[in-house]
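Structure record follows, encoded as structure tokens.
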2 protein chains.
Amino acid sequence: MKIKIGIVDDHQLFLKSLALMLNSFDNCEVILDALSGAELQQKLTAPNQEQPDIMLLDVNMPGTDGVVTAKWLHTNYPAIKVSALSMNDSDKSIISMLQAGCCAYLLKDMNPTDLETALEEIYKKGYYNADASNINFRRLIIAKQEEEKLNITEKEQRFLQYACSDMTYKQIAGEMNLSERTIDGYREALFAKLNVQSRVGLAMEAIRRGIVRI
Amino acid sequence: MKIKIGIVDDHQLFLKSLALMLNSFDNCEVILDALSGAELQQKLTAPNQEQPDIMLLDVNMPGTDGVVTAKWLHTNYPAIKVSALSMNDSDKSIISMLQAGCCAYLLKDMNPTDLETALEEIYKKGYYNADASNINFRRLIIAKQEEEKLNITEKEQRFLQYACSDMTYKQIAGEMNLSERTIDGYREALFAKLNVQSRVGLAMEAIRRGIVRI
DNA sequence: CATACATACCGTATAAATCCCGTATTTTAT
DNA sequence: ATAAAATACGGGATTTATACGGTATGTATG
């Protein structure tokens, strides 16, 4: 009995060629593939669809991303072992993926033999921890916690978005329907939280930490 | 006689599985693969190394990147038809790759059948233009030219780097061993070139356009 | 009820950023 | 050789940003 595998990745070429590779392994068999989280949900909920043992999930996808899809799978198909499959180890969402119910985090630059080993281990033990791959989990967990304990409020978040623009504080205040003094307070609070001394520093930190996207 | 293909991509899993896929095509044969531009140079210059007809080159690689490698191939192995193979069409380096001598720009989310067609066309005609894929060349060329005609000097570039930090202009002036007035001039020039009104706007534009990395 | 806490706000002082005026030197082009 | 352009710098005016001290209000909590 081969290990039944599902793959989700938005890059068709990678998706199909990885499927080929997995099928070439003695004990693997790709029974499901999808180009997006939405397509996966559609296919998996279809009648007579066989359930995979392991689901390989790309993290960075347009639309329903890896984290959302992982949570959905973990909730609706707890029997499927979900593993993230990402480009780089600096990916901030490693912890998010593990928290979302992934039992492994595999990298796209691993070699095929290791992948085969990993899949077998996930199938048998239910998890796989790539000590070999230099993912520093401790550092990542700390970084995530630091980010969470910042506790940026919705208003601050909204202000931060405006602060990362060409607008003056007066204009921002007008846009947010608040007094200049009020957003003054937001600024001070954020300066302290992000440990900066100027608006440029604030904007840079917000972008660096991914709090604001430009 | 099969088309001889070389692949360069830093993600081992993609590299190896794509090789598998290409080998499964009737008229293709992967005779060379490498995880980096440096490895390619090493392998290609080795004695008795067969030369591929087509080289598929990943654009985003650490170390010797796609553009550099493409130029090297174009200079030293002009007979090899080089094609870029990238993640996304928003990639600014499309034009750079074509200027570096690539005869095609393929996307990783194309489907296998189209890839086979593209490779045959590159082999026969020497080039491939994916009208089907929605790469807007005109827009890209214009964007590149706009960027080039900005003509940002080295000093301005250096100032821009400092401007994207928590430092005051006084501190920047000190760091660059220039008067405050002088960097004042840089600021004004950059405001005009990037069409912004404030330092935050300047920093944002610099990052958005990839002039400064953070 | 009293207390704490977050939110929204005001005045004012100082520092920084922005803008406008002008000049001297060096580089580049004709 | 000389004009044009780029580079570096200065004084000073105005606007914006930053810092600090204090107030009022609603909400939650012991």
Side-chain angles (χ1 to χ4, degrees), chain A residues 144-209 211-214, chain B residues 144-209 211-214:
Chain A
K144 186 113 199 301
Q145 284 172 345
E146 296 251 320
E147 191 116 349
E148 274 167 2
K149 85 170 170 227
L150 279 180
N151 212 252
I152 292 169
T153 66
E154 277 185 45
K155 292 248 182 187
E156 283 171 353
Q157 166 80 50
R158 180 142 172 263
F159 162 74
L160 209 42
Q161 193 76 45
Y162 284 121
C164 295
S165 80
D166 217 3
M167 297 164 85
T168 67
Y169 286 136
K170 190 182 283 194
Q171 290 174 314
I172 296 173
E175 201 65 39
M176 292 180 76
N177 286 113
L178 288 170
S179 130
E180 286 187 59
R181 302 292 155 271
T182 305
I183 62 160
D184 237 42
Y186 294 160
R187 191 198 60 228
E188 277 189 51
L190 286 167
F191 274 23
K193 285 179 183 178
L194 295 182
N195 193 34
V196 292
Q197 287 76 225
S198 73
R199 183 170 157 188
V200 183
L202 179 66
M204 293 300 122
E205 267 307 298
I207 290 162
R208 205 194 313 275
R209 301 197 191 205
I211 305 169
V212 171
R213 252 174 293 279
I214 54 168
Chain B
K144 185 112 199 299
Q145 283 172 345
E146 296 249 321
E147 191 116 350
E148 273 169 1
K149 87 173 169 220
L150 280 180
N151 212 254
I152 291 169
T153 66
E154 279 186 43
K155 292 248 182 184
E156 284 170 354
Q157 167 79 50
R158 182 144 170 261
F159 162 74
L160 208 43
Q161 192 77 46
Y162 284 121
C164 296
S165 80
D166 219 2
M167 296 164 85
T168 68
Y169 285 138
K170 191 182 283 195
Q171 290 174 313
I172 296 173
E175 201 65 38
M176 292 180 75
N177 286 112
L178 289 169
S179 129
E180 286 187 60
R181 298 295 151 267
T182 305
I183 62 160
D184 234 41
Y186 295 159
R187 190 199 60 228
E188 276 189 53
L190 286 168
F191 273 22
K193 286 178 182 179
L194 295 182
N195 193 35
V196 293
Q197 287 76 228
S198 73
R199 182 170 158 187
V200 183
L202 180 65
M204 293 300 122
E205 266 307 298
I207 289 163
R208 204 194 314 276
R209 301 197 189 205
I211 305 169
V212 170
R213 253 173 291 278
I214 56 168

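The sequence lines fix the lettering, A, B, ..., with proteins before strands; numbering per chain opens at 1.
Considering only side-chain N and O atoms, S179(B) lies under 4.0 angstrom from the phosphate OP1 or OP2 of dG10(D). Contact annotation: T182(B) reaches the phosphate of dC9(D) (side-chain N/O to OP1 or OP2, under 4.0 Å).
Rounded to an integer number of Å, the gap from I172(B) CD1 to dT18(C) C1' is 14 Å. To the nearest angstrom, P of dA8(D) lies 13 Å from CZ of F159(B). If you measure from atom NZ of K170(A) to atom C1' of dT14(D), you get 12 Å, rounded to the nearest angstrom. We find that CD of E180(B) is positioned 11 Å from C1' of dA15(C), with the value rounded to whole Å. Rounded to an integer number of Å, the gap from L178(A) CG to dT7(C) C1' is 10 Å. Atom P of nucleotide dA17(D) and atom CG of L202(B) are separated by 15 Å, given to the nearest angstrom. Atoms CD (E154(B)) and C1' (dA6(D)) sit 15 Å apart, rounded to a whole Å. As rounded to whole Å, 12 Å separates atom C1' of dT18(D) from atom CG of D166(B).
The distance from the CE atom of M176(A) to the NZ atom of K155(A) is 6.0 Å, given to the nearest 0.5 Å. Here the straight-line distance linking atom CZ of F159(A) with atom OG1 of T153(A) works out to 11.0 Å at 0.5 Å rounding. Atoms CG and OG, on L202(B) and S198(B) in that order, are 8.0 Å from each other to the nearest 0.5 Å.
R181(A) comes within 4.0 angstrom of a nucleotide base, judged by non-hydrogen atoms across all strands. Note on E188(A): a base of the nucleic acid sits closer than 4.0 angstrom, heavy atoms only. Counting any heavy atom pair closer than 4.0 Å across all strands shown, T168(A) reaches sugar-phosphate atoms only and no base atom.
A cation-pi contact, defined as under 6.0 Å to the ring centre and within 45° of the axis, is absent between R158(A) and Y162(A).
When distances are taken from the side chain of D184(B) to each of dT18(C), dA8(D), dT18(D), the shortest belongs to dT18(C). The side chain of K155(A) lies closest to dA8(C) when the candidates are dT12(C), dT18(C), dA8(C). Each of dT18(D), dA8(C), dA17(C) was ranked by its minimum atom distance to the side chain of Y169(B); first place goes to dA17(C). For T153(A), whose side chain is taken as the heavy atoms from C-beta onward, the closest listed nucleotide among dA8(D), dA17(C), dT7(C) is dT7(C).
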Step-by-step side-chain contact (heavy atoms from CB on, under 4.5 Å) determination, I207(A) to M204(B): CA-CA 9 Å; I207(A) 290 162; M204(B) 293 300 122; 3.4 Å; yes

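For the helix from dC1(C)-dG30(D) to dT30(C)-dA1(D), the angle separating the two terminal helix axes comes to 40°, with each axis derived from five pairs and the value rounded to 10°.
Each of E180(B), R187(B), M167(B) was scored for a side-chain contact (heavy atoms from CB on, under 4.5 Å) with I172(B), with one residue passing: M167(B).
Side-chain atoms of E205(B) never come within 3.5 Å of backbone atoms of I211(B) as a donor-acceptor pair (strictly under, hydrogens ignored).
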